[in-house]
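Worksheet: one structure, shown below.
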Amino acid sequence: MAIEIKTPEQIKMMRVAGLVVARTLRTLAEAVAPGVTTADLDALAEHEIRAAGGTPSFKGYHGYPASICTSVNSEIVHGIPSQERRLHEGDIVSIDCGAIVAGWHGDAAVTVGVGSISAEHAGLLQTCETALWRGLAQAQAGHRLGDISHAVESSVRGAGSYGLVEEYTGHGIGSAMHMDPPVPNYGRAGRGPRLRAGMALAVEPMVMLGSEETVLLEDGWTVITADGSWAAHFEHTTAITPDGPWVLTAEDGGVSGFSAISGGRPPQTPPSWGEPSSQTPRPPGTGG
């Protein structure tokens, strides 16, 4: 397994891409409302990514037709945006977004409630997001990859009788969107490759209210729960630095996420490698 090791300058370029993703997801989350279609969100995402000087990572990837994935309710991941898919009060929608800047990738996802959602569904979202941050807290030089996987699984199992997707995993990321190593959401601590400064990983738990069994729809992309239970998906791209994890797709680098979990050690953010001098590039043709 060849794991790409980035220089500090390359990590800074990934931070630029990560900030494009973070700000796009924030805009999309604010736009989620009853009556909005998933195609509306996709059009807004492409506009935001390109206006920031980036290119959508997903569009055209192995033939994927859109700039984001929008997975509603029982859809787990890779839902294709559609003008026919209109959001309704009480729905939940996972929005997965990727951007490329100067050849470097950022990838993140968030699950958002549409209007007012039930306490059960709010608990699902909280469980999934907490598991993500517990996993990210283990992304430190000298740890093992399995420490991340074990932290995610332990967090979900400890929260109740939730299902945890095993067929789909996180991944390495950098000069390509999907790279070694795969990052499972389950496993034993102390196993797998040793983590080194300069690695970058996309950690992405997928949690459901029911069975862990999944079904791939005929469109070849959309993955749903086999029993119709609802699912949540959260993801961040993190760099491993000498100072700890630097969450490249969180606008604050991960400070608020780590501080929200008990036992999570907030990294020095930004780390000693420092923020890029221009966090958001100018769109082509604007000069300067």
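What you find for Ser74 and Gly228 is that their closest heavy atoms are CB-O, 3.6 Å. Taking all atoms of both residues into account, the shortest heavy-atom contact from Asp96 to Phe58 is O-CE1, 3.0 Å. Counting all heavy atoms, side chain and backbone alike, Ile5 lies closest to Met199 at CD1-CG, 3.6 Å. Heavy-atom minimum distance, Ala197 versus Thr241: CB-C, 4.1 Å. Closest approach of Ser229 and Thr225 over heavy atoms only: O-OG1, 2.7 Å. Nearest heavy-atom pair, Val114 versus Ala33, reported as atom, atom and distance to 0.1 Å: CG1-C, 3.7 Å.
The only option from Leu216, Val165, Leu217 that meets the side-chain contact (heavy atoms from CB on, under 4.5 Å) definition with Val223 turns out to be Leu216. Of the candidates Met206, His233, Glu235, His233 is the only one forming a side-chain contact (heavy atoms from CB on, under 4.5 Å) with Thr111. Checked options Thr24, Val32, Thr38; the residue passing with Ile95 is Val32 (criterion: side-chain contact (heavy atoms from CB on, under 4.5 Å)).
Atoms CD1 and OG1, on Ile100 and Thr55 in that order, are 5.5 Å from each other to the nearest 0.5 Å. Put simply, CG on Leu164 and OH on Tyr186 are 9.5 Å apart, with the number rounded to the nearest 0.5 Å. One distance of note links CG of Asp40 with CD of Gln83; it measures 5.0 Å at 0.5 Å rounding. Taking CZ from Arg23 and OG1 from Thr249, the interatomic distance works out to 12.5 Å, rounded to the nearest 0.5 Å. To the nearest 0.5 Å, the span separating CD1 on Ile240 from CG on Leu195 amounts to 4.0 Å. Taken to the nearest 0.5 Å, the CG atom of Leu201 stands 12.5 Å off from the CD atom of Gln138.
Inter-residue side-chain proximity for Ile224 and Glu75 is flagged as met; some heavy-atom pair is nearer than 4.5 Å. By the 4.5 Å heavy-atom criterion applied to side chains, Pro81 and Leu41 are not counted as neighbours. You'll find the side chain of Leu25 reaches within 4.5 Å of the side chain of Cys97, heavy atoms only. At a threshold of 4.5 Å between non-hydrogen side-chain atoms, the residues Val77 and Cys69 do not count as touching. Residues Val156 and Glu153 fail the side-chain proximity criterion, which asks for heavy atoms closer than 4.5 Å. Counting heavy atoms from C-beta on, the side chains of Pro56 and Arg50 come closer than 4.5 Å. Contact of the Phe234 side chain with the Val207 side chain is not registered, since no non-hydrogen atoms from C-beta on lie closer than 4.5 Å.
Here the side chain of Glu204 pairs no donor or acceptor atom with the backbone of Ala108 at under 3.5 angstrom. Remark: the backbone N or O of Leu248 is not paired with any side-chain donor or acceptor of Thr237 at under 3.5 angstrom. Checking side-chain atoms of Asp147 against main-chain N and O of Ala189 turns up no donor-acceptor pair under 3.5 Å. Between the side chain of Glu48 and the backbone N or O of Thr27, no donor-acceptor pair lies under 3.5 Å. Ser154 places no side-chain N or O within 3.5 Å of a backbone atom of Ala151 that could act as its donor or acceptor partner. With His105 contributing its side chain and Gly174 its backbone, the two residues share no donor-acceptor pair below 3.5 Å. At distances below 3.5 Å, at least one donor-acceptor pair connects side-chain atoms of Arg194 with backbone N or O atoms of Gly142.
When the side chains of ILVMFWY residues are joined at heavy-atom separations under 4.5 Å, either directly or via intervening members, Val36 and Ile92 end up in a single hydrophobic cluster. Residues Leu125 and Ile261 are members of one and the same hydrophobic cluster, defined by side-chain heavy-atom contacts under 4.5 angstrom among Ile, Leu, Val, Met, Phe, Trp and Tyr. Met208 and Leu132 fall into different hydrophobic clusters, defined by Ile, Leu, Val, Met, Phe, Trp and Tyr side-chain heavy atoms under 4.5 Å apart, directly or through other members. Val20 and Met177 are assigned to two separate hydrophobic clusters, defined by single-linkage of ILVMFWY side chains at heavy-atom distances under 4.5 Å. Leu124 and Ile76 end up in different hydrophobic clusters when Ile, Leu, Val, Met, Phe, Trp and Tyr side chains are linked at under 4.5 Å.
At most 12 non-hydrogen atoms from other residues, nucleotides or ligands lie less than 6.0 angstrom from CD of Glu84. By the 6.0 Å contact criterion, CZ on Arg188 is open, its count of non-hydrogen atoms from other residues, nucleotides or ligands being 12 or less. Heavy atoms from other residues, nucleotides or ligands lying under 6.0 Å from CZ of Arg26 number more than 12.
In summary, the side chains of His78 and Tyr168 do not present any donor paired with an acceptor at a separation below 3.5 Å, with no hydrogens or angles considered. With 3.5 Å as the limit, one finds a donor-acceptor pair spanning the side chains of Thr130 and Gln126.
In this structure, Trp230 and His121 have parallel ring planes: the angle between them is below the 30° cut-off, well short of the 60° mark.
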### Task
Under the side chain to side chain contact (heavy atoms under 4.5 Å, CB included) rule, what do Asp42 and Thr70 come out as? Steps first, then yes or no, please.
CA-CA 8 Å; Asp42 183 60; Thr70 52; 5.9 Å; no
### Message
Determine whether Glu9 and Lys12 satisfy the following criterion, side chain to side chain contact (heavy atoms under 4.5 Å, CB included), listing intermediate values before the conclusion.
### Response
CA-CA 5 Å; Glu9 287 304 315; Lys12 289 179 185 178; 3.2 Å; yes
### Message
Could you go through Trp104 and Arg15, starting from their C-alpha distance and side-chain angles, then the distance that decides it, and tell me whether this counts as side chain to side chain contact (heavy atoms under 4.5 Å, CB included)?
### Response
CA-CA 9 Å; Trp104 296 96; Arg15 174 62 166 161; over 6 Å; no
### Task
May I have the step-by-step check of side chain to side chain contact (heavy atoms under 4.5 Å, CB included) for Trp221 and His62, ending in yes or no?
CA-CA 10 Å; Trp221 289 101; His62 294 294; 4.1 Å; yes
